[in-house]
Amino acid sequence: MPFKRFIHVLILFISAFRAFPADNSLIYSNYPEGRYFENIYLDFKSSSTGLLKYYIKGNDPAKEVIYSEPLFLSSMSGEKKTYTITAFLYQESKILDST
């Protein structure tokens with residue numbers, strides 16, 4: 001029985017998640033939380049100005065990184081991988097939104 005490769009993307013939501021920008025959401029992504037059976041590029045966008053950062057849970061140490069390009073999420077054939085990613089939008093050192 002061949003194993004299918006898939007990636008489980010878990011995005012933590014403190015505010016409501018939208019696949020497209022909404023009035024109450026400042027950060028949105030091109031992929032909603034879910035299982036994906038191929039490698040993906042996870043792209044975050046903001047409907048407001050500010051500094052966009054992210055961190056991936058499980059990285060040692062889990063520190064915030066300035067977001068500059070889409071994140072490549074992958075797994076090898078037969079591998080089941082879970083990514084937990086949180087994005088933050090800062091303006092003048094204050095968090096405006098997080099997903």
Side-chain angles (χ1 to χ4, degrees):
M1 172 187 229
F3 286 101
K4 288 188 178 179
R5 153 177 86 175
F6 74 91
I7 299 169
H8 187 144
V9 178
L10 174 64
I11 302 173
L12 298 178
F13 303 109
I14 295 173
S15 63
F17 173 79
R18 303 281 182 235
F20 299 98
D23 294 334
N24 62 346
S25 182
L26 298 176
I27 301 173
Y28 55 97
S29 174
N30 59 332
Y31 285 95
E33 177 182 338
R35 290 183 177 179
Y36 298 93
F37 295 93
E38 60 189 14
N39 298 334
I40 64 170
Y41 283 94
L42 182 63
D43 192 15
F44 289 104
K45 299 287 185 193
S46 173
S47 59
S48 179
T49 60
L51 180 62
L52 194 56
K53 292 185 174 184
Y54 70 93
Y55 78 83
I56 300 174
K57 184 178 179 180
N59 282 359
D60 190 29
K63 62 181 181 180
E64 294 176 9
V65 177
I66 295 173
Y67 181 79
S68 61
E69 61 187 355
L71 306 175
F72 182 63
L73 306 178
S74 66
S75 67
M76 301 198 43
S77 183
E79 180 181 28
K80 184 177 181 179
K81 203 166 201 178
T82 299
Y83 292 93
T84 303
I85 301 165
T86 305
F88 300 93
L89 180 63
Y90 288 90
Q91 192 172 59
E92 297 178 14
S93 300
K94 295 180 183 176
I95 297 178
L96 294 181
D97 193 16
S98 65
T99 61

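Quick note: residue numbers are just sequence positions, from 1.
To the nearest 0.5 Å, atoms CG (L71) and CG (L42) are separated by 5.5 Å. Interatomic distance, CG of L26 versus CG of L52, reported as 10.5 Å (0.5 Å rounding). A distance of 5.5 Å separates CZ in R35 from NZ in K80, rounded to the nearest 0.5 Å. The CG atom of N39 sits 4.0 Å away from the CZ atom of F72 when rounded to the nearest 0.5 Å.
Partners of S68 according to the side-chain hydrogen bond (donor to acceptor under 3.5 Å, both in side chains) rule, which considers only residues two or more places apart in sequence or in another chain, do not exist here. In this structure Y90 satisfies the side-chain hydrogen bond (donor to acceptor under 3.5 Å, both in side chains) test together with E64, sequence neighbours excluded. Here Y54 pairs with nothing under the side-chain hydrogen bond (donor to acceptor under 3.5 Å, both in side chains) rule; sequence neighbours left out.
In this structure, N30 contributes its side chain and D43 its backbone to a donor-acceptor pair below 3.5 Å.
Test T84, T82, I85 against K57 for side chain to side chain contact (heavy atoms under 4.5 Å, CB included) and you get one pass: T84.
Y41 and Y67 fall into different hydrophobic clusters, where Ile, Leu, Val, Met, Phe, Trp and Tyr are joined by side-chain heavy atoms under 4.5 Å apart, directly or via other members.
S46 and L89 make their closest contact through OG-CD2, 3.3 Å (heavy atoms, listed as atom of the first residue, atom of the second, distance). Across all their heavy atoms, F88 and I27 have their closest contact at C-CD1, 3.7 Å. Closest of all the heavy-atom pairs between K81 and Y83 is CD-OH, 3.4 Å. The two residues E79 and M76 come nearest to each other via the heavy atoms OE1-N, 2.7 Å. The two atoms that bring Y28 and S47 nearest to each other are CE2-N, 4.0 Å, heavy atoms only.
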